[in-house]
Amino acid sequence: MADYYNRMEEFPVKPESRPGDIYKSIPDAPPEKPESMDRIFRDFREIILPGMTHWQHPHFHAYFTANSSYPSVLGEMLTATLAAQCMMWDTSPAAAELEEKTMNWLKGMLGLPAGWSGSIQDTASTSTLVSLLSAREKHTGFNSNKSGLYDNRVLRVYTSTEAHSSIEKAVKIAGLGQENLVRIPVDGSLAMIPEKLEESIVSNLANGFIPMAVVLAMGTTGTVAVDPLRPVAEICNKHQVWLHVDAAYAGSALVLKEYRWMADGLEMADSFVFNPHKWMFTNFDLSAYFVRDPELLVKTFEVLPEYLKTKSRGVKNYRDWGIQLGRRFRALKLWFVIRDYGVQGIRDTFRKQIDMAKDLTAWLEKHPAFEVHKPQHLNVVCFRLKETKDRSPEERNRLNDAFLQKLNKTGKVFLSHTKVRGLFTLRVVLGQTRIRERHVEELRELLLGNLDD
Ligand SMILES: *Cc1c(COP(=O)(O)O)cnc(C)c1O
């Protein structure tokens, strides 16, 4: 594992595998007799490793990072060694109490409302589902848990046209129906337009729908656009609509005072999620979910059969804070990370990465071959080839797509893309734990080296 981290940059960031290559090189039947760890490990190195995308490579600039770090790996190894099933306080008091404490640490670090409570979920997708299920129960007086949604008026959820696919998935799973997810238009910065939200809520009310919840994007996945929280929260409060804040990636930046504006008005919301497993050096998975009203949350999920009854009082049984019964001891790696870095260390690392992104943006803007999507936010830069010849949007998209493929084919970097108002746009995330100035220089050279004449 240590070797891997040291030799990381020798690997192509994204493998050259063709579909089925790896599947075919693994026997169809499991071994009848035990195999030696030497053989198993040799196959790991020869079959598995060449087929991996190296997410911890400093030149992994795609999607959002899922960054890790030494303290995180050590914590995770201990979690695997203890292999405790931490469904409730009695099945591992230390896991429950460390979870409560680390969530309080995060709450303080990010400046979230002091009275809120946190729990660890596996992913932001699950956290958002948990939030919408809580909202559903609140709006139906816990009747949908009891009798199903059959007799209720139609509940509606609102989110921006740029919001993450996990919201649509949650709406489907919660039994609300995809058709009842209302997509609110965005402004020039790709942030939700609050007036459009209110129009939608008011007209839905007039038509007999029940506006149930708004999911606000604090940092969209495409371009890290930030929906305006305070005006949206005021609309939600006025119409008694549940407000969930999806800050999966950008939430980490709230440790920096200069980004606290994103959370202005958060005290009016009902829940908030961010992923330390994206941008806080804690390996996947660990999603931090915070709620204003933990009793409502527990009431939504609690089921108490005889075999789970315990005598302990005044303790937190996190099985009631979400969907699954069984829970991994996730808090341990987060505890290791926060202590090993120190809050100041986390802030310093974020600021360095954000500065790198600002520098890259300035460089791209100055270069005649590129144009940058603005506002550029945090450590993510969205850009495309500048148009000089009056090509059709389709032709421009094709050229940008080809440019992206060419860059990724080098194996030296891995970038992904998004569409901004229909235009194919490359995305660079400078969020890897091991990224340094040198890597940004290498990236610039690679961009120049792959331009067509
Ligand atoms: C990544 C992302 C998610 C989904 O995160 P998971 O933890 O993988 O479920 C949700 N919302 C936004 C804005 C994201 O960027």
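Heavy atoms only: backbone and side chains are in, while hydrogens, waters and symmetry mates are out. Indexing begins at 1, ligand by ligand and atom by atom, following the structure's order. Just so you know, residue 1 is the first one in the sequence shown, and it goes up from there.
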Ligand-residue contact atoms, ligand 1 with [X], heavy atoms, under 4.0 Å:
X      : answer
Thr221 : 12 (C), 13 (C), 14 (C), 15 (O)
Phe64  : 15 (O)
Thr123 : 6 (P), 7 (O), 9 (O)

Which is it for [X] and ligand 1 at heavy atoms under 4.0 Å: side chain, backbone, both or neither?
X      : answer
Asp246 : side chain
Ala248 : side chain
Asn275 : side chain

**Asked** Quick one: CZ on Arg444 to CH2 on Trp363, what's the gap to the nearest 0.5 Å?
**Response** 6.5 Å

**Request:** Mind checking the CZ-CG spacing from Arg384 to Leu399? Nearest 0.5 Å is all I need.
**Result:** 13.0 Å

**Request:** Indicate whether the side chain of Asp21 and that of Ser17 have a donor and an acceptor atom separated by less than 3.5 Å.
**Result:** no

Short N/O distance, under 3.5 Å, between [X] and ligand 1?
X      : answer
Phe284 : no
Ser166 : no
Lys278 : yes
His277 : yes

**Request:** In plain terms, say whether Glu371 and Arg396 are close enough for a salt bridge, that is, a side-chain N and a carboxylate O under 4.0 Å apart.
**Result:** yes

**Request:** State whether Arg436 and Glu442 are salt-bridged, where the test is any N-O pair (Lys NZ or Arg NE/NH1/NH2 against Asp/Glu carboxylate O) under 4.0 Å.
**Result:** no

Check whether any side-chain heavy atom of [X] sits under 4.5 Å from a side-chain heavy atom of [Y], and report yes or no.
X      : Y      : value
Ile235 : Arg230 : no
Tyr249 : Asn275 : no
Phe272 : Met218 : yes

**Message:** Against ligand 1, does Gly219 come closer than 4.0 Å with any heavy atom?
**Reply:** yes

**Asked** Is the NZ or CZ atom of Lys278 positioned over Phe64's six-membered ring, under 6.0 angstrom from the centre and within 45° of the axis?
**Response** no

**Item:** Top protein contact for atom 9 (O) of ligand 1, by heavy-atom distance
**Value:** Ser125 OG, 2.5 Å

**Message:** Considering non-hydrogen atoms of the protein only, which is the closest contact for atom 4 (C) of ligand 1, and what is the distance?
**Reply:** His164 CE1, 3.4 Å

